[in-house]
Amino acid sequence: MASLGERMVGAMQANVSTFEEIEKDPAALGQAVTVIAIAALASLIGNIFRSGLTGGLVALIATLVGYAIWTAIVVIVGTKVMPEPATKADFAEGFRVIGFTASPGVFNVLAIIPFLGYLISFVIWLWSLVLMVVAVRTVLDYSSTGRAIIVCLIGFAVYMILYFMVLIPI
């Protein structure tokens, strides 16, 4: 079994065997929460001058809740709406794997660099999005990357609707 650091590096490299290992390891749930928290904390540090401490702490909590909501949407859409014959996943498996897609977020501390912060955050967001597609394909046992992209797009649309209706007003 790989360590947290090894799994984070494997996830950042979009290593399918790393995602499969995480999916099969129920003990990795705590690691997934840790990865999300580390990434959110790195973002807090990197964006402290733009969002302030209070805004950063709210973002940290919203990030944890957001990953849970995102996972629920992806698992429901992937297993109920668009399953393949081999598709079998539950929330815990999904959360473990999808949680590790936050791994590139550790580099958000670099967003503190003046004038480059937004660009750095955007590149990290894109990187995490690519990892999300790989993770979704892995956890849902899809044979097609296209299907994983569609699930991610549907999940993103539903998540954004919920985000603007629920999280923003809070």
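All values below come from the heavy atoms of this structure, side chains included, with hydrogens, waters and symmetry mates left out. Along the sequence shown, residues carry numbers from 1.
Under the side chain to side chain donor-acceptor pair (under 3.5 Å) criterion, E84 pairs with S143, R147, sequence neighbours left out. Scanning for salt bridge (charged side-chain N to carboxylate O under 4.0 Å, His left out) contacts around R137 gives an empty result, with sequence neighbours left out. Residues passing the side chain to side chain donor-acceptor pair (under 3.5 Å) test with T87, sequence neighbours excluded: none. Here A14 pairs with L131, V134 under the side chain to side chain contact (heavy atoms under 4.5 Å, CB included) rule; sequence neighbours left out. Residues satisfying the side chain to side chain contact (heavy atoms under 4.5 Å, CB included) test with V151, not counting sequence neighbours, are V74, V77, M82, V136, L140, Y142. The side chain to side chain donor-acceptor pair (under 3.5 Å) test applied to S43 returns N47, not counting sequence neighbours.
Contact record, A89 with T79: O-CG2, 3.7 Å, taken as the closest heavy-atom pair. Nearest heavy atom pair, residue V81 against residue P83, reads C-CD, 3.3 Å. Across all their heavy atoms, P104 and T101 have their closest contact at CD-O, 3.3 Å. The two residues A11 and S103 have their closest heavy-atom pair at CB-OG, 4.0 Å.
Residues L162 and I73 have side chains in contact (heavy-atom distance under 4.5 Å, counting atoms from C-beta outward). The shortest distance between side-chain heavy atoms of F100 and L4 falls below 4.5 Å. Proximity of E23 to F19: side-chain heavy atoms (C-beta onward) are nowhere separated by under 4.5 Å.
Atoms SG and CG, from C152 and L129 in turn, are 7.0 Å apart once rounded to the nearest 0.5 Å. Note: I22 CD1 to M8 CE = 10.0 Å, rounded to the nearest 0.5 Å. Remark: M165 CE to M160 CE distance equals 13.0 Å, nearest 0.5 Å. Distance CD1/I61 to CG/L64: 8.0 Å, rounded to 0.5 Å. Note that the CG atom of L110 and the CG atom of L119 stand 11.5 Å from one another [nearest 0.5 Å]. Here the CD1 atom belonging to I154 is positioned 12.5 Å from the CD1 atom belonging to I76, to the nearest 0.5 angstrom.
Under a 4.5 Å side-chain heavy-atom cut-off, the cluster of Ile, Leu, Val, Met, Phe, Trp and Tyr residues that includes I149 is completed by V133, L153.
Cluster membership for V35 and V9, using ILVMFWY side-chain heavy atoms within less than 4.5 angstrom, is not shared. Tracing side-chain contacts under 4.5 Å through hydrophobic residues (I, L, V, M, F, W, Y), one reaches M132 starting from V65; they form part of the same cluster.
Residue pairs meeting the side chain to side chain donor-acceptor pair (under 3.5 Å) criterion with at least one partner in residues 10-20, sequence neighbours excluded, are N15-S17. Every pair tested for side chain to side chain donor-acceptor pair (under 3.5 Å) that includes a residue from residues 148-157 fails, sequence neighbours excluded, so the list is empty. A ring-ring contact (aromatic ring centres under 6.0 Å, His included) check over residues 55-93, counting only residues at least two apart or in different chains, returns the pairs F91-F95. Every pair passing side chain to side chain donor-acceptor pair (under 3.5 Å) that includes a residue from residues 115-133 is listed here, sequence neighbours excluded: N108-S121. Evaluation of the salt bridge (Lys or Arg N to Asp or Glu O under 4.0 Å) test over residues 87-96, restricted to residues two or more places apart or in two chains, returns none.
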Test log, rule side-chain contact (heavy atoms from CB on, under 4.5 Å), inputs I69 and Y159: CA-CA 7 Å; I69 292 169; Y159 175 78; 4.0 Å; yes
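If you run side-chain contact (heavy atoms from CB on, under 4.5 Å) between F107 and each of I124, V123, I120, only I124 comes through.
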